[in-house]
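Side chains included, hydrogens not; waters and symmetry mates left out as well; all remaining heavy atoms used. Note on naming: letters A, B, ... go to the chains in the order of the sequence lines (proteins, then strands), and numbering restarts at 1 for each one.
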Amino acid sequence: MGLSAALWGPLGLLLSLALPPAVGAHTHRDYCVLGAGPAGLQVAAFLHHAGRDYEVFERTPAPGSFFMRYPRHRKLISINKRYTGKNNAEFNLRHDWNSLLSHDPRLVFRHYSRAYFPDAGDMVRYLRDFADRLGLHVRYNTNIVHVTLKKDWQAWNSHYFILTNQKGQVYQCSVLLVATGLSVPNLVDFPGSEYAEGYESVSVDPEDFVGQNVLILGRGNSAFETAENILGVTNFIHMLSRSRVRLSWATHYVGDLRAINNGLLDTYQLKSLDGLLESDLRDLAIVKDAKGKFHITLGFFLEETNASRSADAIPLPQDDNDNFAMRVAYDRVIRCLGWKFDFSIFNQSLRLSSGSEFSKKYPLIRASYESKGTRGLFILGTASHSVDYRKSAGGFIHGFRYTVRAVHRLLEHRHHGIPWPCTEHPTTQLTNSIIRRVNEASGLYQMFGVLADVILLKENATAFEYLEEFPMQMLAQLETLTGRTAKHGLFIINMEYGKNFSGPDKDVFFHDRSVGHTEDAWQSNFLHPVIYYYRHLPTEQEVRFRPAHWPLPRPTAIHHIVEDFLTDWTAPVGHILPLRRFLENCLDTDLRSFYAESCFLFTLTRQKLPPFCQQGYLRKQGLVYTKSLQQHGVESGLLRDYATMGQVLEDSSRQPGDQEPVNQPLGTGHLIHLDSNKEEL
Amino acid sequence: MSSDFHVFRVGVSFVIMCILYKSAEDPLPELSPQKYFSTLQPGKASLAYFCHADSPSTSVVLEQLNEAVRPLQDYGISVAKVHCVKEETSRYCGKEEDLMKAYLFRGNILLREFPTDTLFDVNAIVAHVLFTLLFNEVKYISTLEDLQNIENTVKGKANMIFSYVRAIGTPEHRAIMEAAFVYGTAYQFVLTTEIALLESIGSEDIERAHLYFFHCNLISDLTQQCRRTLMRQPLTTLNIHAFVKTMKAPLLTEVAEDPQQVSTVHLQLGLPLVFIVSQKATYEADRRTAEWVAWRLLGKAGVLLLLRLTSWMTVTLQISNIKHLFPFRKRDSLEVNIPQHTNVVFRRAEKEVPLEFLVLTDIDSIISYVEDNVEMEENKDSDVEDPDLDIQDDEVAETVYRDRKRQLPLEVTMELTEETFHATVMASDSIVLFYAGWQAVSMAFLQSYIDVAVKLKGTSTMLLTRINCADWSGVCTKQNVTEFPAVKMYKKGENPVSYAGMLGTEDLLKFIQLNRISCPVSITSIQEVEEYLNGELYEDLVTYSSVSVLGLFSPAMTTAKEDFTEAGNYLKGCVLTGIYSEEDVWILANKHAATLPALLLAKHKDGKIESIPLAGTPAQDIVQIITNALQETFPEITVENLPTYFKPQKPLLILFSDGSINPQHREAILTLVAQKHLDSFTPCWLNLKNTPVGRGILQVYFGLLPPLPLLVLVNQHSGGHVFAFPSDQSITEQNLALWLKKLEAGLENHITILSAQEWKPPLPAYNFLSMMDAATSQHATGKAPGRMKEIDVQENDKERHEDKLTVKKEPVETLRIKHWNRNNWFKETEKSLKPHTEL
């Protein structure tokens, strides 16, 4: 191996095609992606578009193999909203939970299904088209069975990832992007757990359940989906889980029980024999009697008896407690306990460990989606959900399509010197930029609390850079991650629900829940934009030890744009005006817009000009009013009709008067009660 | 005797009144003329009102006179009512009832008589009487010259108090006279009722009375002006007294003791103290700084220089006394300490408020800190209503909002979508307006755009279209439009051109019209060149382009041609450009005495053709040459063209004219321009008929609209001084030249200085952070959450706020945010209380 790694790169593909795989010979890729599911294809699309050297490895012959089998009952619960009444494609992505991001307008999911909850087969078709149309480099039928590290100081991350497939072929990668999802069914070990059929294999034909007593373990969407399918033919269904059911419309977390699946809740509460029980599965045991029926007992009863497991010999709870809830015998027990990440292929050296008790099924990663143990190893897609588990949408297509983009942007900067994309504008555009984004941005909307827009002020706050969808927990490292400088203060634009609004036991329909007054905006409950202002970039310490329940450290100032029933934050007085006042006070300047005539007056009567006149009028781009606008201006008292101005002097009302704003004459009859305040509907 | 007599003579109603008055402490003595004159003492002043007792109209005067008895007595002036009995022949008794008058005597010498209408109320009575008596102490003046004369006489001798009141006899006038009674010997009082005089010394708000303290005492050089301090408070006797006291106090005091122990007159008057912390090493500089600060804060706060000596720092004080004053101080420390970097100590007038240790970087921040804090206290006292933050103060947003229901003829422009955009733009030459439906500036401009479309309807080959970027943001981004509004022109086979002119009908129309031909247009014959230069070739376009530009090149000059073409492209829509590059170009070169490559500039106004050699001139410079040529030497300045003439950063010499300019004036200025006298200025004129906002400008300069025409020199770029050419001189070349010389020599006084005020936020914002804090601190105390919590919240907030005051080390900017907090807090309490009382 006299050749250096750098030489191997471009030659890799040729060699691997030309030569039979020799021992030790390997293909090099800058980026290797594991899994051609939605996340794998999504990152491939970005890499492809950027012209990077990458390859996706897929175990099966086609993309999206998960969706070929799952969900078992074929109905996706991610919404496919085809009509929103708006033309804005970016806005419409807020209500399209299935599409991946691409530049091809044909690759939008509404072209693939007319159903609001589409069939999983459509997703398979969509993913196949996505890979084909974009010409993504996917190596199918390639099962990566082992991943290990090779130290090399020349490598981007001082090591290479060495991937071995089922045939012993070896691939060397500079960066490894793991998008394998959660592929291993979650099992709970208790006596008799072997009697439970798994969600992954249980029959989906309702005929197989006619007249049966069914016990379902779990209370997630798969459990309820299974129940929904057989609800009409069983004697009854009992559902057993460790903790109470969490309804997604109460928690605002899409991973919790969706209303589309909750038919059983309805029948349970309407006394139709079905029921929900809470108990820790690990305390239980299932015993099978002679007739093949299943009985529930407690684990420690088994330990006590230590006898053979015939149902007759084992004590049952109803022996002492004759009203024990699960005293009936079940015909079937079905396990629907979800999935976990497959750690098995990763060598110890990668130090890829599972998260805390709370998110054990996910590998431990940073907020930048990079593994805590190994630089250059990123977890994407569903498996990356530990970052925002039970908070945001990062575990689902409509969330991780944005986090994948964020990871790609980080990589573009880290390895290719391309700074985080941004647009630069003069300060006069500050309010506009924010209003535009909060009204259309889908990434902010879907990944609320995780991805946030960042506005970096330039010196003297005369201009700013606008960065979209930055992982806000990485704020302290913003400069190194993006290649942008944040020396002169910054704004963060995030979307938030009210602090105490969401939760499994919260009444989200309480009276007076909607906030309409701008000054109460901070009490808004529904998802609304929140803008944080920092004079300095927060440090890592500040981010880590931020106040409880705060997504970010305490800012210098904060602004809430009041929640809006239509999620349309363009009301001039209800939304834009308070935002402008906030920005003005943060920057200590006047951000109003002025007609050319006013700027003309200021130019000749004052030494300083407001930014709008400086950046517009003085550059010969002043805004000239029409007759009717002028008339309105005079009526409102904000403009003066100089043509009729006589010899009699009035108090000059054209002073900005920041000292005594109270005395600033504002025309009478000027009060507009726009009543942005929407009534309880 | 006489009073009994009187009672019998008058009507019943008057009896009641008299009884009422008698109940007052100091009854108005009622005397007969004889009796009255006998009581007059030499040297003592006395006011007598002569009346016919049976006249009912006198009662009003008497009522007021009665009230004036007491205050006048305080000044040793007696008041009396004298009955003119019918048979009485005193000359002070008028013939008619309405001629009754009051007379002021000193001893038995008559000082002045007052018609009853001057004595309309007690203030007027006191003011008039004192004004008469203090004739020598209070000088009444009416011209600036008077003021300067008096000022000159007192320079080096005494200080002067100058005041302006709207009229004699007002409460303010009385307050000043009362002050003059006390301080008349110590200070020279000067009074005026002339607004012009007040304006001439630079006051802005001429609605109210003013009082200035002229510090003339220390002045030795007669050419120097006395420093002035304006009294900010309303003119009341008490306020003037306090103000004069602070003026009397030493400007700067040096102390070396605990700031908490210092006592000055300021504290007694409720004014804060500012200590400038100084060390030995920097003493001289600090003292100068402190003096500066002291002058700026005169009348607002006391300024002291605090010498940071070890002797003071180690003074052991009673800890119990100090603890609460220095909350951040270590408990076991025995010495009072100023935090290391503190350079200013602020002490409020209130007793229990702790000292504030500040680090302020410059004089301005000290001043603004003090002013903000003093203001805050003022706000607290007066129940000024909080400004309503929800009232729109953006003129564009408000006018667009008010106009929202008007139907615009939008159909005159074609609305594009993502689907139609490319096809449309490819198919025909189009102008596209990119706008956002929610953005006010866009929507204001849309109106002008529609106007243009209406004007061009059926005449233009250019398709006027628009696309709403709120809907089709993808298209806009792809077209590189990230700010709204934006206008782009798409022509077949050419790169799109962005419109960069005024967002108004006129300029856009010009842009579209001039783009009907593709500039630089190729001209192919000498005949055509002639037509082009005299404006016949593009007759209809000449109105939009005051100059026709023609590049002359011999066919081989490819680089020069490229440069010129680039310049022509750049200037698309601004000016007509053409190019001539045939073999016979030398004919034109000869005719216009040009060396090739050359530029011909044909100015249509005066029919002159200028030629400029272009050899080796890069495109950028060609653009510059052409734009310069577009500028006039003595333009009429308008809202639209000011930016062009403003750019060179020269002072503007503006001739304001109500209507067309006088040709003689124009001649005078053009002559001066020709003589290069005006090279350092931008001479221009403003027609109030075309640019009515000029009136607003004149008002700022003069207060009143002065007689026109009027020549003004405005120096926005350095110092903001405005000078006016004397209105009594005629605008001739000689007078102007002389005036400019005097200006240059600094011999002219400016009429006003343009405000250098920064553009700060017009109003505060909601301080959600503190509201959220309040809510959490309320939670922390374990109170049940709910709607009723709001009152508690505010109580907590108040405590928090006071806590914060004790450790106010934050930089000045955060104080602004706190200020919002305070305002909101009061507002909140007020609001929240209302619904709860109903519960």
Before accepting this row, confirm whether a basic side-chain N of the pair B/Lys760/A/Asp588 lies closer than 4.0 Å to the acidic partner's carboxylate O.
-> yes
Looking at side-chain heavy atoms only, is the closest gap between B/Ile697 and A/Phe600 below 4.5 Å?
-> yes
Closest heavy-atom pair, B/Val396 versus A/Leu623, reported as atoms and distance to 0.1 Å, is CG1-CD2, 3.8 Å
For the residue pair B/Glu395 and A/Ser598, establish whether any side-chain heavy-atom pair is separated by less than 4.5 Å.
-> yes
Does A/Asn585 reach the main-chain N or O of B/Leu763 with its side chain, forming a donor-acceptor pair under 3.5 Å?
-> yes
Determine the option with the most heavy-atom pairs under 4.5 angstrom with chain B, choosing from A/Pro426, A/Ala89, A/Ser628.
-> A/Ser628
For A/Arg581 and B/Leu389, indicate whether the former's side chain and the latter's backbone hold a donor-acceptor pair under 3.5 Å.
-> yes
For the pair A/Arg592 (side chain) and B/Asp393 (backbone), establish whether a donor and an acceptor sit closer than 3.5 Å, ignoring hydrogens and angles.
-> yes
Would you call the rings of B/Phe768 and A/His560 parallel, tilted or perpendicular, where under 30° means parallel and over 60° means perpendicular?
-> perpendicular
For the candidates B/Gly474, B/Ala440, B/Gly504, B/Ala444, which exhibits the highest count of non-hydrogen atom pairs separated by less than 4.5 Å from chain A?
-> B/Ala444
Quick one: do the B/Ser473 and A/Glu90 side chains pair a donor with an acceptor below 3.5 Å?
-> no
Flag the one option from A/Gln631, A/Gln630, A/His559, A/Glu584 with the top tally of heavy-atom pairs under 4.5 Å to chain B.
-> A/Glu584
Which one, A/Pro578, A/Cys599, A/Pro611, A/Ala521, leads in non-hydrogen pairs under 4.5 Å with chain B?
-> A/Ala521
Please tell me if the side chains of A/Asp520 and B/Met771 come closer than 4.5 Å, counting only heavy atoms from C-beta onward.
-> no
Name the region of A/Glu440, side chain, backbone, both or neither, that has any atom closer than 4.5 Å to a heavy atom of chain B.
-> side chain
Would A/Arg640 and B/Gln699 count as having a side-chain donor-acceptor pair, cut-off 3.5 Å?
-> yes
Tell me, out of B/Glu640, B/Lys689, B/Arg406, B/Glu418, who's got the most heavy-atom pairs with chain A below 4.5 Å.
-> B/Arg406
Return the option, out of A/Gly616, A/Gly633, A/Gly622, with the maximum number of heavy-atom pairs under 4.5 Å with chain B.
-> A/Gly622
Given that the side chain runs from C-beta out, which part of B/Leu686 has a heavy atom under 4.5 Å from chain A: side chain, backbone, both or neither?
-> side chain
Write down the atom of A/Lys608, the atom of B/Ala756, and the distance for their closest heavy-atom approach.
-> NZ-O, 3.3 Å
Go through the atoms of A/Leu579 and report whether side chain, backbone, both or neither lie under 4.5 Å from a heavy atom of chain B.
-> neither
Region of A/Gln621 in contact with chain B, defined by heavy-atom distances below 4.5 Å | both
Closest non-hydrogen atom pair, A/Leu629 against B/Thr399 | O-CG2, 3.3 Å
Between A/Ile558 and B/Met772, is any pair of side-chain heavy atoms under 4.5 Å apart?
-> yes
Do A/Ser636 and B/Gln392 touch side chain to side chain, with heavy atoms closer than 4.5 Å?
-> no
Are A/Phe612 and B/Val441 close enough that some pair of their side-chain heavy atoms sits under 4.5 Å apart?
-> yes
Part of A/Trp550 within contact of chain B (heavy atom distance under 4.5 Å) | side chain
Min side-chain heavy-atom separation A/Val624-B/Val639 under 4.5 Å = no
Measure distances from B/Val712 to the heavy atoms of chain A and classify the residue's part below 4.5 Å as side chain, backbone, both or neither.
-> neither
Any chance NE2 of A/His536 has more than 12 other-residue heavy atoms, nucleotides or ligands included, within less than 6.0 Å?
-> no
Do you know which of A/Ser433, A/Ala643, A/Ala596, A/Pro610 has the most heavy-atom pairs with chain B at a distance under 4.5 angstrom?
-> A/Pro610
With only heavy atoms counted, which part of B/Ala500 is less than 4.5 Å from chain A, the side chain, the backbone, both or neither?
-> both
Going by distance alone, is a donor N or O of one side chain under 3.5 Å from an acceptor N or O of the other, for B/Gln716 and A/Thr603?
-> no
Could you tell me which portion of A/Pro555 (side chain, backbone, both or neither) has an atom closer than 4.5 angstrom to a non-hydrogen atom of chain B?
-> both
Side chain from CB out, backbone as N, CA, C, O: work out which of these in B/Leu688 comes under 4.5 Å of a heavy atom of chain A, or both, or neither.
-> neither
Aromatic B/Trp759 / basic A/Arg606 pairing, under 6.0 angstrom, 45° off normal = yes
Taking the side chain as every heavy atom from C-beta outward, state whether B/Pro762 and A/Arg580 have any atom pair closer than 4.5 Å.
-> yes
Identify the heavy atoms of A/Lys620 and B/Pro643 that sit nearest to each other, and give their distance.
-> CG-CB, 3.8 Å
salt_bridge(B/Asp773, A/Arg554) N-O dist < 4.0 Å | yes
A/Tyr466 side chain to B/Thr482 side chain, donor-acceptor N/O pair below 3.5 angstrom | no
Check each atom of A/Gln614 against the heavy atoms of chain B and say whether the ones under 4.5 Å are side chain, backbone, both or neither.
-> neither
Looking at B/Asp451, B/Val714, B/Thr644, which has the largest count of heavy-atom pairs under 4.5 Å with chain A?
-> B/Thr644
Side chain of A/Asn87, backbone of B/Trp472: donor and acceptor closer than 3.5 Å?
-> no
Under 3.5 Å, is there a donor-acceptor pair between the B/Glu398 and A/His632 side chains?
-> no
Mind ranking B/Tyr701, B/Phe445, B/Tyr499 by heavy-atom pairs under 4.5 Å with chain A and telling me who comes out on top?
-> B/Tyr701
Do you know the tightest heavy-atom contact between A/Leu601 and B/Gly696?
-> CD1-C, 3.7 Å
